[in-house]
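Everything below concerns the one structure shown next.
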Amino acid sequence: MRVRAALLDADLGFIADGVLSWDATGALTEVGAYQGGPVDEDRRGELLTPGFVDAHVHAPQTRIIGRATGPLLDWLATTTFPEEARFADAGHANDVYARFTRALVRSGTTAACVYGSSHPTAAGALFSALDSAGLRAIAGPVWMDEGAPSPLCVAPEVSRDTVLALRERYAAHPRLSVAVIPRFALSCSSRAMALAGQLAAEHDLLCTTHLSENLGEVQAVRERFGNDYVDVYADAGMLGRKTVLAHAIHLTERDWRRLSDGGVIIAHCPDSNAFLGSGTFPWTAARDHGVRVALGSDVAAGRSFRMGFAAAYTYDNALRDGATLAPIDLFAALTRDASAALGLPGGRLALGRPADVVAWPMPPWADDADAVLATLLFDADAPVASATWISGRRVWTDDGRPWWSVVREPIAR
Ligand SMILES: [Zn+2]
């Protein structure tokens, strides 16, 4: 068998020709070149990486990937809101969420910040699906009480109670926690926004929403609230270190200073920004203001669950904005840095860390770090993960079936 040099970086880590073992708690006890003796997984011939983190994804939009009805506000009204309204039906929610979780682990994503639909019952279904799939997630229902069709609108007190119930139910869960997710300013009344900000602060919960994605949206926020977009969230007490703001494209210098002072995290969603014609993310402004940036697939405005594509489009976006990113930094953004920003325990192949690991097929010429990163992040035709583990549990083995397939129990005779 062809032997490759180990590519282990002590701080970051991806390994060619490696083996894996873990203990009863799912923490890594061995990772790297084979030293002899029994191991839990022999993945020599493949590449091992930490699992990827998707900082922004919408589970109820799983079936509408690629629906070309943008820009943003048209896409929401024509395609997204009608699909999300179907999640009032628990059977529909269970079915779609099973496909959603399969799509994540197949893509090498082991942790995600997940938006649900607005329905309390579907929020329960989302948590059950994430739990059975073995995923690590920060998730919750989206809060919407106006600016959307009435079947999607839920009183903010009900959204608050749903979050509190999930918080209690999953308080001791090793992988799942609940987030406060006011969808965006246009779908929330001032009261909903205030309640959401208050709830997140009181219980120290992660709070996530969309910010300044599209110029029509920015204008509508100004007309509705008589205020700048960032001010609307600042007024609700939502600009803190546990706040994740998706997109953040159309911002002033003053906005950037406020985001920087608040210590927020931006979820940069480059494919979605392109597909909905939202614009180029000002990468250099975020960098110059020291604002943390994680990457999101933003399915279904993003057209793939694969975070390698998000990294590739981030590279393209940054070039348009005058910055050249190093592939290794993009890899860090998907793993170590996103885990640290979201307070997740994975992100590194290091002893004692959770065995959140992905095995990837590699072409024969990928024999140094540059070639490995080229395949992993930039080759759109490279295969999906061959296997994925979370806390040592195998949650995915490539079976060649389409991503939307779910395994059904065989009919008993
Ligand atoms: Zn989004």
Side-chain angles (χ1 to χ4, degrees), residues 1-53 101-102 104-111 133-136 174-175 306-308 311 327-328 330-340 344-377 379 382-400:
M1 189 179 71
R2 186 170 48 85
V3 177
R4 295 193 199 105
L7 297 168
L8 178 64
D9 176 302
D11 190 40
L12 196 55
F14 52 94
I15 298 167
D17 283 332
V19 296
L20 286 175
S21 292
W22 49 83
D23 63 18
T25 69
L28 286 166
T29 55
E30 182 174 2
V31 57
Y34 181 57
Q35 305 291 342
V39 293
D40 285 323
E41 286 286 344
D42 175 1
R43 308 306 294 202
R44 286 174 289 176
E46 293 181 297
L47 180 80
L48 295 174
T49 71
F52 292 157
V53 178
T101 55
R102 174 180 159 88
L104 289 189
V105 293
R106 169 186 185 275
S107 305
T109 295
T110 54
L135 274 154
R136 213 176 280 290
R175 292 175 285 97
R306 297 184 62 176
M307 291 306 296
I328 191 71
L330 289 163
F331 178 76
L334 294 183
T335 54
R336 180 192 66 194
D337 298 349
S339 298
L344 298 165
R348 296 182 194 191
L349 295 185
L351 300 185
R353 291 267 180 175
D356 294 7
V357 185
V358 186
W360 305 92
M362 278 287 130
W365 56 83
D367 55 3
D368 64 22
D370 291 341
V372 161
L373 288 168
T375 301
L376 192 65
L377 305 180
D379 181 350
V384 295
S386 50
T388 303
W389 301 263
I390 299 175
S391 278
R393 173 182 163 194
R394 192 192 285 229
V395 296
W396 165 253
T397 303
D398 186 13
D399 55 12

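The chain is numbered in sequence order, starting from 1. As the structure is a prediction and not an experimental result, all values here were calculated from the model.
- When all heavy atoms of G347 and S339 are compared, the pair lying nearest together is CA-OG, 3.4 Å.
- The shortest heavy-atom contact between R306 and P383 is NH2-O, 3.1 Å.
- Side-chain N/O atoms of R136 and S391 include a donor and acceptor closer than 3.5 Å.
- Using a 4.5 Å heavy-atom threshold, the side chains of L20 and L28 count as touching.
- Distance CE/M362 to CG/L48: 10.5 Å, rounded to 0.5 Å.
- At distances below 3.5 Å, not a single donor-acceptor pair connects side-chain atoms of T110 with backbone N or O atoms of I390.
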Quiz item: Hey, mind stepping through L351 and T29 against side-chain contact (heavy atoms from CB on, under 4.5 Å) and telling me if it holds?
Solution: CA-CA 5 Å; L351 300 185; T29 55; 5.6 Å; no
Quiz prompt | V19 and R43: CA distance, side-chain angles, deciding distance, side-chain contact (heavy atoms from CB on, under 4.5 Å) verdict | solution = CA-CA 5 Å; V19 296; R43 308 306 294 202; over 6 Å; no
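- Pairs of residues two or more places apart, or lying in two chains, that qualify as salt bridge (Lys or Arg N to Asp or Glu O under 4.0 Å) and include a residue from residues 384-398 are E41-R394.
- When side chains are defined from C-beta on, F331 counts as touching P50, because their heavy atoms get closer than 4.5 Å.
- The closest donor-acceptor contact from the side chain of T388 to the backbone of V395 lies at 3.5 Å or more, if one exists at all.
- Listed for the R348 side chain is no donor-acceptor partner under 3.5 Å among the backbone atoms of R336.
- Taking each heavy atom of A366 and A371 in turn, the nearest pair found is CA-CB, 3.7 Å.
- Ion pairing between a basic and an acidic side chain is recognised when a charged N comes within 4.0 Å of a carboxylate O; D399 and R106 show no such pairing.
- Side-chain contact between L376 and T49: present, with at least one pair of heavy atoms (C-beta onward) separated by less than 4.5 Å.
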Quiz item: Does the pair D42 and Y34 meet the rule for a side-chain contact (heavy atoms from CB on, under 4.5 Å), with working shown?
Solution: CA-CA 8 Å; D42 175 1; Y34 181 57; over 6 Å; no
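- Partners of A311 under the side chain to side chain contact (heavy atoms under 4.5 Å, CB included) rule, at least two apart in sequence or in another chain, are L295, L330, L334, L377.
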Quiz item: Is there a side-chain contact (heavy atoms from CB on, under 4.5 Å) between W22 and W389 once you walk through the steps?
Solution: CA-CA 11 Å; W22 49 83; W389 301 263; 3.7 Å; yes
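- Residues V372 and L47 form a side-chain contact, since some pair of their non-hydrogen atoms from C-beta on lies under 4.5 Å apart.
- Without hydrogens or angle criteria, D356 side chain to G346 main chain gives no donor-acceptor distance under 3.5 Å.
- With a 4.5 Å cut-off on side-chain heavy atoms, T109 and V53 do not count as touching.
- S107 is not listed as a side-chain neighbour of M307, based on a closest heavy-atom distance of 4.5 Å or more.
- Of all heavy-atom pairs between A385 and G108, the closest is CB-N, 4.2 Å.
- Of all heavy-atom pairs between P345 and P354, the closest is O-CD, 3.5 Å.
- Between G352 and A27, the closest heavy-atom pair is O-CB, 3.6 Å.
- Residues satisfying the ring-ring contact (aromatic ring centres under 6.0 Å, His included) criterion with W360, sequence neighbours excluded, are F52.
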